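Heavy-atom basis, side chains included; hydrogens, waters and symmetry copies ignored. Everything numeric in this text was worked out from a predicted model, so none of it was measured.
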Amino acid sequence: MEDSLTVLQACRRCGYVVPSLCTFKGGKCSVASCRVCLVKVAGVKDPVHSCAYPVREGLEISITDPEATVARRTNVELLLSNHARNCQECDKNGKCELLEVANLVMARPSSFGGAQTKVTIDNVAPGIVRDSAKCILCGRCVEACKEAHGIAVLGFENRGFDTIVAPSGNRSFATSPCIQCGQCVNVCPTGALVEKSDIAKIDEAIKAGKKVIVQVAPAVRAAIGEEFGMKIGTPCTGKMVAALKRLGFYRVYDTNFAADLTIMEEANELLERLAHNNAPIPMITSCSPGWINYCEYFYPELLDNLSTSKSPQSMMGAIIKSYYAEKNGLDPKDIFVVSVMPCTAKK
């Protein structure tokens with residue numbers, strides 16, 4: 001066994017189940033904050049955090065020690081006592097790691113009462129909604145925000161019982177240098193960080209008789225099968241298109257077409273720049289809204305190097321509202337374009 005492994009990582013490699021809420025990416029943890037992965041180590045007085053305790057030769061570990069078992073259950077019950085109880089309305093219903101762990105340790109939700117931390121709900125940003133009533137202060141989003149792009153927008157605000165996770169000063173994502181990449185949403189174990197839903201807008205458009213046309217990014221048809229237990233990378237194009245048609249979409253189109261347009265537009269722009277000695281070179285693609293946000297916030301000196309072309313998603317929307325509408329005798333006002341994309345920044 002490698003010396004760099006933690007007890008939690010070693011246990012999971014050996015097939016033992018140790019509950020944890022602040023670890024992700026193969027058991028990596030930097031804050032040891034949830035206190036749910038406690039185990040008993042021979043010769044150590046109190047249970048230890050298995051996510052931060054290093055493995056060494058001869059170490060004797062007990063996962064089922066009564067003291068560790070009770071401590072895990074108590075800590076989960078304390079988390080539940082400060083947690084919103086609207087599970088049926090939560091986007092993470094059925095996929096909530098807190099409820100999964102609570103069932104595993106047989107926690108009783110009503111064991112503790114009293115005051116709860118003041119709630120902040122931030123639904124101003126286009127792609128991400130933050131609800132501190134569901135936050136368990138695990139720190140996974142804080143680490144993901146640092147690791148994904150080195151931005152570190154999220155952090156722990158206030159102290160003690162008033163601690164929350166938020167952009168500096170408890171600002172909205174909309175007024176902070178957040179690029180809306182959604183990596184924090186991917187690692188959140190509860191419904192504290194979720195993608196903003198636009199399903200209600202689609203329902204309204206369909207009921208209003210609009211020609212609701214959907215474009216789907218290539219990554220979606222390659223990834224959606226995982227949600228239905230299929231092997232990673234299984235192409236589900238036919239099933240996906242059939243499902244979208246049954247949901248009420250008038251037409252289903254592939255964003256790949258607009259990606260080809262983007263390549264042609266950017267190639268022409270590059271040739272024009274090369275023909276002028278004073279044009280900004282190198283030319284950098286502008287096809288990713290997340291990258292554009294990142295450049296505007298952190299590298300504004302490179303803005304002149306960005307291509308002026310729209311992203312494939314935006315080009316497809318423009319083509320449907322103009323060329324497609326004209327060819328099919330439709331009023332653009334009667335067309336409602338929906339994008340199914342793999343990134344919250346595209347909202």
Using the side-chain hydrogen bond (donor to acceptor under 3.5 Å, both in side chains) criterion, which residues pair with Thr190? Sequence neighbours excluded. none
Under a single-linkage definition using a 4.5 Å side-chain heavy-atom cutoff for Ile, Leu, Val, Met, Phe, Trp and Tyr, are Ile284 and Ile292 assigned to the same hydrophobic cluster? yes
Just by distance, no angles: are the side chains of Asp91 and Ser197 close enough, under 3.5 Å, to form a donor-acceptor pair? no
Rounded to the nearest 0.5 angstrom, the CG-OH distance for Asn328 and Tyr250 is 6.5 Å
Distance-only criterion, 3.5 Å: show the donor-acceptor pairs between side-chain atoms of residues 206-219 and protein atoms not counting sequence neighbours.
residue : atom : partner : partner atom : Å
Lys210  : NZ   : Lys333  : O            : 2.7
Gln215  : OE1  : Thr255  : OG1          : 2.9
Gln215  : NE2  : Gln313  : O            : 2.9
Gln215  : NE2  : Ser339  : OG           : 3.3

From Leu79 atom CG to Phe112 atom CZ, the distance as rounded to the nearest 0.5 Å: 10.5 Å
Could you give the distance from SG (Cys135) to CD1 (Ile164), rounded to the nearest 0.5 Å? 8.5 Å
Grab the two heavy atoms, one from Pro19 and one from Val101, that are nearest each other, plus how far apart they are. CB-CG1, 3.9 Å
Decide yes or no on side-chain contact (heavy atoms from CB on, under 4.5 Å) for Leu261 and Met316, but give the supporting numbers first. CA-CA 9 Å; Leu261 296 182; Met316 180 64 92; over 6 Å; no
Could you work out the complete set of other residues in the hydrophobic cluster of Phe228, with links drawn between I, L, V, M, F, W and Y side chains under 4.5 Å apart? Ile224
Considering only residues two or more places apart or on different chains, which pairs with a residue in residues 300-324 satisfy ring pair (Phe, Tyr, Trp, His ring centres under 6.0 Å)? Tyr253-Tyr324
Can a side-chain donor-acceptor contact be found between Ser314 and Ser311 if the only test is distance below 3.5 angstrom? yes
Is there side-chain contact between Thr23 and Cys37, with heavy atoms separated by less than 4.5 Å? no
For Met264, the hydrophobic cluster (side chain heavy atoms closer than 4.5 Å, chained through members) also holds none
Run the side-chain donor-acceptor check on residues 298-305: report pairs under 3.5 Å with partners two or more places apart or on a different chain.
residue : atom : partner : partner atom : Å
Asn305  : ND2  : Pro282  : O            : 2.8

On a heavy-atom basis, which atom in Ile63 and which in Cys11 lie closest, and how many Å separate them? CD1-SG, 4.1 Å
Please list all pairs passing the ring pair (Phe, Tyr, Trp, His ring centres under 6.0 Å) test where one or both residues lie in residues 48-105, with sequence neighbours left out. none
Does a side-chain N-to-carboxylate-O contact under 4.0 Å join Glu77 and Arg73? no
Is Lys245 atom NZ crowded by more than 12 heavy atoms from other residues, nucleotides or ligands, each under 6.0 Å away? yes
Linked, directly or transitively: Leu306 and Ile263 (ILVMFWY side chains, under 4.5 Å): no
Show the nearest heavy-atom pair for residues Glu266 and Ser286, with the distance to one decimal. OE2-N, 3.5 Å
Identify each donor-acceptor pair in which a side-chain atom of residues 179-189 lies under 3.5 Å from a protein atom, sequence neighbours left out, and give them as a table.
residue : atom : partner : partner atom : Å
Gln180  : OE1  : Gly127  : N            : 2.9
Gln180  : OE1  : Ile128  : N            : 3.4

Any pair with a residue in residues 174-195 that passes salt bridge (charged side-chain N to carboxylate O under 4.0 Å, His left out), sequence neighbours left out, goes on the list, sorted by first then second residue, please. Glu195-Lys347
Rounded to the nearest 0.5 Å, how far does SG of Cys141 lie from CG of Leu193? 5.0 Å
Tell me whether the count of non-hydrogen atoms from other residues, nucleotides or ligands lying under 6.0 Å of CE in Met106 goes above 12. no
What do you reckon, is CD1 of Ile232 surrounded by more than 12 foreign heavy atoms closer than 6.0 Å? no
Separation of Lys327 NZ from Ile319 CD1 (nearest 0.5 Å): 11.5 Å
Exercise: identify the closest heavy-atom pair between Pro332 and Lys321: O-NZ, 3.0 Å
Shortest non-hydrogen contact between Asp131 and Gly191, atoms and distance: CB-O, 4.3 Å
Answer with yes or no whether the hydrophobic clustering places Val44 together with Val18; edges join I, L, V, M, F, W, Y residues whose side-chain heavy atoms lie under 4.5 Å apart. yes
Sort and list the pairs that fulfil ring pair (Phe, Tyr, Trp, His ring centres under 6.0 Å) and have at least one residue in residues 148-188, not counting sequence neighbours. none
Hits for salt bridge (charged side-chain N to carboxylate O under 4.0 Å, His left out) against Arg251, two or more places apart or cross-chain, chain-then-number order -> none
What residues, two or more places apart in sequence or in another chain, satisfy side-chain hydrogen bond (donor to acceptor under 3.5 Å, both in side chains) together with Thr163? none
Closest non-hydrogen atom pair, Ser176 against Arg171: CA-NH1, 4.0 Å
